[in-house]
There are 2 protein chains.
Amino acid sequence: MKFSKKSEYGLRALLELCETYGGRVLQRHEIAERQNIPVEFLEQILLALKRAGLLASRRGVRGGYALIKSPEEITLGQVIRILDGPLAPISCVSKTAYQKCADCPYAAKPSCPLQQAMGEVRDAIANILDHYTLSRFAHSK
Amino acid sequence: MKFSKKSEYGLRALLELCETYGGRVLQRHEIAERQNIPVEFLEQILLALKRAGLLASRRGVRGGYALIKSPEEITLGQVIRILDGPLAPISCVSKTAYQKCADCPYAAKPSCPLQQAMGEVRDAIANILDHYTLSRFAHSK
DNA sequence: CGAAATCTTGAGCAACTCACTAGACAAAAT
DNA sequence: ATTTTGTCTAGTGAGTTGCTCAAGATTTCG
């Protein structure tokens with residue numbers, strides 16, 4: 001029931017990018033050094049965030065990465081879903097990636113006790129993370 | 001950010017055991033069949049729950065497993081921690097298994113933004129699961 | 001007592017995921 | 001043209017997950 005390093009590194013990297021938002025770009029090695037993250041691994045994370053539309057990048061000599069959206073528009077939930085997949089603790093209660101349980105005897109029935117409990121958990125997690133913006137995140141530093 | 005099959009199977013097995021609480025014992029194959037769980041795998045789960053003091057067992061011809069505590073006294077949080085380990089999404093916010101982050105630059109500082117956000121998540125999860133009893137769980141079936 | 005039924009223990013294993021590494025390639029600046 | 005950056009794809013070692021197997025211990029019943 002843990003978040004991966006990917007999410008953790010991703011959030012820490014965004015923390016740095018929030019600071020220079022609207023200003024200069026940051027290069028991967030700058031982020032990596034300040035946040036103590038293996039640079040090639042960080043790269044994959046930054047690229048994923050770029051593909052998801054959160055970051056822009058420029059190659060070449062004065063290249064680097066920059067936030068493309070304002071920190072108020074980005075939530076921790078978004079970031080974690082990009083890097084770690086759905087938040088739901090079991091897939092039959094996921095709203096973004098629902099999947100019917102294959103082996104659960106309650107799958108066919110009208111209600112499943114597990115689903116009810118896990119649904120509450122999912123909602124609680126999503127409620128926090130989908131309302132926690134990067135601006136608040138970065139500001140609490 | 002998922003719970004394992006172990007927790008899922010464990011909870012489903014306890015669902016069955018709640019039904020016969022105070023009455024007869026259940027054998028692993030009965031539970032396995034009804035809940036559609038591989039019997040040898042289930043066994044490991046039942047033994048873990050036994051070692052944790054939730055179940056009693058008897059060997060031999062009329063043997064089987066039975067709940068040793070009342071369903072009101074057992075919470076989903078307890079069960080999941082037994083089978084899956086701590087609930088916290090990152091170990092630096094775990095109350096039952098705290099561990100200082102090795103590489104985080106905020107580890108030394110007075111406050112860490114990640115810790116604050118993840119702490120809220122941890123509390124929300126624990127709040128639900130540590131108050132959700134097996135009796136409520138089984139009753140919602 | 002002895003056989004059958006059941007739990008107990010420990011080991012093993014294939015597939016997968018995680019965290020990271022490496023290397024070739026593309027584009028931008030000088 | 002060369003250097004500096006990002007881009008992409010693939011690989012890899014360690015660990016975890018989900019499960020299987022086999023040998024043993026204990027209880028009941030005939």
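Protein chains get the first letters and strands the later ones, always in sequence-line order, with residue 1 at the start of each.
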[atom1] of [X] versus [atom2] of [N]: gap in Å, rounded?
X: A/Leu47; N: D/dT5; atom1: CG; atom2: P; answer: 16 Å
X: A/Arg51; N: D/dC8; atom1: CZ; atom2: C1'; answer: 8 Å
X: B/Gln27; N: D/dT28; atom1: CD; atom2: P; answer: 13 Å
X: B/Leu46; N: C/dT8; atom1: CG; atom2: P; answer: 9 Å
X: B/Leu49; N: C/dT8; atom1: CG; atom2: P; answer: 12 Å
X: B/Leu55; N: C/dC7; atom1: CG; atom2: P; answer: 11 Å
X: B/Ile37; N: D/dG18; atom1: CD1; atom2: C1'; answer: 13 Å
X: B/Leu26; N: C/dC7; atom1: CG; atom2: C1'; answer: 14 Å

Is it the case that the side chain of [X] and the backbone of [Y] share a donor-acceptor pair, with hydrogens and angles ignored and the cut-off at 3.5 Å?
X: A/His139; Y: A/Ser135; result: no
X: A/Asn36; Y: B/Asp103; result: yes
X: A/Gln27; Y: A/Gly63; result: yes

Checklist entry - Tell me the side chain to side chain donor-acceptor pair (under 3.5 Å) pairs involving residues 61-70 of chain A, sequence neighbours left out? => result A/Ser70-A/Glu72
Checklist entry - Just checking B/Lys2: base, sugar-phosphate only, or nothing, at a heavy-atom cut-off of under 4.0 Å? => result nothing
Item to check | Contact pattern, 5' to 3', of nucleotides 13-25 of chain C - B, S or - by protein heavy atom under 4.0 Å | outcome: ------SBB----
Checklist entry - Taking the side chain of B/Arg62 as heavy atoms from C-beta outward, which of C/dT9, D/dC29, D/dG6 is closest to it? => result D/dC29
Checklist entry - B/Phe137 versus A/Gln116: any side-chain heavy-atom pair under 4.5 Å? => result no
Item to check | Connected via hydrophobic side-chain network under 4.5 Å: B/Tyr106 and A/Tyr9 | outcome: yes
Checklist entry - DNA chain D: A/Tyr65 or B/Val61, which has the more 5' nearest nucleotide? => result A/Tyr65
Checklist entry - What do the steps show when you test B/Thr75 against B/Gln78 for side chain to side chain contact (heavy atoms under 4.5 Å, CB included), and what is the final call? => result CA-CA 5 Å; B/Thr75 66; B/Gln78 276 174 58; 3.5 Å; yes
Checklist entry - Is there a side-chain polar atom (N or O) of B/Ser57 under 4.0 Å from OP1 or OP2 of C/dT6? => result no
